[in-house]
There are 2 protein chains.
Amino acid sequence: MNTLYNCISQYHPISSGAWEALSKALTRVEIPRNSFLVREGMICNKLYFLERGCLRGYYNLDGKEVTYWFGFENNFITSFYSFISRKPGIENIQVLEDSTMWGISSEALHQLFDQHHDLERLVRIINEQYYIRLEERLMAMQFKTARERYEQLMETSPHILQRIPLGQIASYLGISQETLSRIRSQV
Amino acid sequence: MNTLYNCISQYHPISSGAWEALSKALTRVEIPRNSFLVREGMICNKLYFLERGCLRGYYNLDGKEVTYWFGFENNFITSFYSFISRKPGIENIQVLEDSTMWGISSEALHQLFDQHHDLERLVRIINEQYYIRLEERLMAMQFKTARERYEQLMETSPHILQRIPLGQIASYLGISQETLSRIRSQV
DNA sequence: ACTTTCTTTTGACAATTGTCAAAAAAGGAA
DNA sequence: TTCCTTTTTTGACAATTGTCAAAAGAAAGT
């Protein structure tokens, strides 16, 4: 749980009371490779902090699995659309490596928000940082070639190649696996 | 200012005290077509609510203007990266039609957050809704063809064609103006 | 009306990327 | 090891999209 505390502190320091309340509300989740945290059609009621392992979010489009994010150590994980809107999502969250997470339900989190303004601020700030990341990714997707997107990924997350199959990375980059394979062979 | 109040209420109702404090902190901004709200290289210190008019955010890439969002009535407008990170951004915000806005500085907003938990919750919720929109846009960009993206835009915002030059829409969709023109002629 | 400027369309061609199919390589399990 | 499965690479070809250049059309100002 220290990992989470350290991670949180980098975003926004919270009072010891808020941390105490938060840590009481957290559940430890150990989940093995290839299992699913979320399936399409269900409402994702929990927010997770990933301490160890990795996961991916994907959905099915015309019979193909389309990966649109990966989660690694120190990331917050949820089916964002579903968690926020309280509606069923189209997203599947699959565990790619045996993972350790800390989870909190939406209800518990909102109760904590009422009691600790601190925590709501923390979440606001984290949301904002994740928004900025998403914005950067959109810009790359909109205005860069497949090769540039790949090279950018290699710079920011070189470890990803060692942990994720190529086909899933290609999907994440918005290109076919064959194209990614060819890009790599030409570098 | 009623427009803003109604808009806010749809996201999260706030106490009358919070609204009173907020409305006192707002400045009315009238800004004419073709002027700039934000220029690249500057820190954007303000968040705006657009009551009337429209704007676009763009940046320069290899001598080309790359449009990555449009703002219309009832949208919140800022150079998000710069506003959040307090750093200079690469974004230009240009006024496309004579516009009326309500603006608040970052400092004033954060002071209001300290005094009114309400308002911070409101902003958290608005952020989350904007995050979801951005996520949808990323998904479209990642996994849909140019034609599909255009058709989707026509469904969700048909008015955009009447108000925005084609070249800017093409840029927003991540395609060349010529391609968009051809897509339209083939429908 | 007539310019002037900005916007949109069209043509020709090149570059990028996708699809399908098969082969090669890598990784796991017995 | 050998077998089996999954992952990655390669080839051939098609589809999509981009680029450059020019023409046509629309809008704004005089």
Side-chain angles (χ1 to χ4, degrees), chain A residues 32-35 54 56 58 60-68 70 94-98 138-154 158-187, chain B residues 32-36 54 56 58 60-68 70 92 94-98 138-154 158-187:
Chain A
R33 181 182 151 92
N34 280 330
S35 58
C54 77
R56 68 163 177 144
Y58 74 89
N60 290 296
L61 182 71
D62 309 328
K64 285 190 182 172
E65 289 185 0
V66 163
T67 297
Y68 61 108
F70 298 109
Q94 185 184 23
V95 181
L96 300 180
E97 297 172 5
D98 295 351
L138 176 64
M139 280 159 60
M141 198 58 70
Q142 204 169 351
F143 308 114
K144 298 197 171 177
T145 64
R147 158 162 282 121
E148 287 170 330
R149 296 202 297 276
Y150 173 72
E151 284 166 357
Q152 181 177 315
L153 184 67
M154 287 307 90
H159 60 285
I160 208 173
L161 268 184
Q162 277 79 56
R163 299 177 71 177
I164 311 278
L166 204 67
Q168 290 176 17
I169 296 178
S171 175
Y172 173 80
L173 290 171
I175 57 181
S176 71
Q177 174 169 325
E178 294 90 335
T179 297
L180 180 53
S181 176
R182 289 186 177 106
I183 285 171
R184 293 212 304 167
S185 69
Q186 286 164 28
V187 172
Chain B
R33 181 183 151 92
N34 280 328
S35 58
F36 283 80
C54 79
R56 68 164 178 146
Y58 74 89
N60 289 295
L61 183 71
D62 309 328
K64 283 190 185 173
E65 290 184 358
V66 164
T67 298
Y68 62 108
F70 297 108
N92 300 276
Q94 185 183 23
V95 181
L96 300 181
E97 296 172 5
D98 296 351
L138 176 65
M139 280 159 60
M141 198 59 69
Q142 206 169 352
F143 309 115
K144 299 199 170 173
T145 64
R147 157 163 282 120
E148 288 169 330
R149 296 203 297 278
Y150 173 73
E151 283 165 357
Q152 181 175 315
L153 184 67
M154 286 308 89
H159 60 287
I160 209 174
L161 268 183
Q162 276 78 55
R163 299 177 71 176
I164 311 279
L166 203 69
Q168 291 176 16
I169 296 177
S171 175
Y172 173 82
L173 290 171
I175 58 180
S176 71
Q177 174 169 326
E178 293 90 335
T179 297
L180 180 53
S181 175
R182 289 189 176 103
I183 285 171
R184 293 212 303 167
S185 70
Q186 284 164 30
V187 174

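As the structure is a prediction and not an experimental result, all values here were calculated from the model. Naming convention: chains lettered A, B, ... in sequence-line order (proteins, then strands); numbering from 1 in each chain.
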Separation of [N] [atom2] from [X] [atom1] (nearest whole Å):
X	N	atom1	atom2	result
B:N34	D:dG29	CG	P	11 Å
A:E178	C:dA21	CD	P	12 Å
A:R147	C:dT16	CZ	P	8 Å
A:F143	D:dT17	CZ	P	15 Å
A:I183	D:dT10	CD1	P	14 Å
B:E65	C:dC6	CD	C1'	13 Å
A:K144	C:dT16	NZ	C1'	18 Å
A:L173	D:dT8	CG	C1'	16 Å

**OP:** Map A:K64 and B:Q177 onto DNA chain C by nearest heavy atom, then report which one ends up closer to the 5' terminus.
**Re:**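 Nearest nucleotide further toward 5': that of B:Q177.
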Original post:
Got a donor-acceptor contact below 3.5 angstrom from the B:Q168 side chain to the B:P165 backbone?
Top reply: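 Side chain of B:Q168 to backbone of B:P165: no pair is present.
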Original post:
Do the side chain of B:T67 and the main chain of B:S171 share a donor and acceptor less than 3.5 angstrom apart?
Top reply: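 Between the backbone of B:S171 and the side chain of B:T67 there is no qualifying donor-acceptor contact (under 3.5 Å).
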Original post:
Taking the nucleotide of DNA chain D with the closest heavy atom to each, which residue, A:T179 or B:I175, is nearer the 5' end?
Top reply: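 In this pair, the answer is A:T179.
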Original post:
Pick from A:T179, A:I183, A:L153: which one makes a side-chain contact (heavy atoms from CB on, under 4.5 Å) with A:L173?
Top reply: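 Answer to the side-chain contact (heavy atoms from CB on, under 4.5 Å) test with A:L173 among A:T179, A:I183, A:L153: A:L153.
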**OP:** Would you mind telling me which of D:dT8, C:dG18, C:dT9 lies closest to the side-chain atoms of B:R184?
**Re:**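 So the side chain of B:R184 is nearest to C:dT9.
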Original post:
Between D:dT9, C:dT9, C:dT7, which nucleotide has the shortest distance from any of its atoms to the side chain of A:S181?
Top reply: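 Among the listed nucleotides, the one closest to the side chain of A:S181 is D:dT9.
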Subject >> Donor-acceptor pair (no angle test) under 3.5 Å: A:R182 side chain, C:dG18 base >> reply: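 In this structure, the two groups form no donor-acceptor pair.
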**OP:** Determine whether more than 12 heavy atoms belonging to other residues, nucleotides or ligands lie under 6.0 Å from atom CZ of B:R33.
**Re:**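 Atom CZ in B:R33 is not crowded, with 12 or fewer foreign heavy atoms closer than 6.0 Å.
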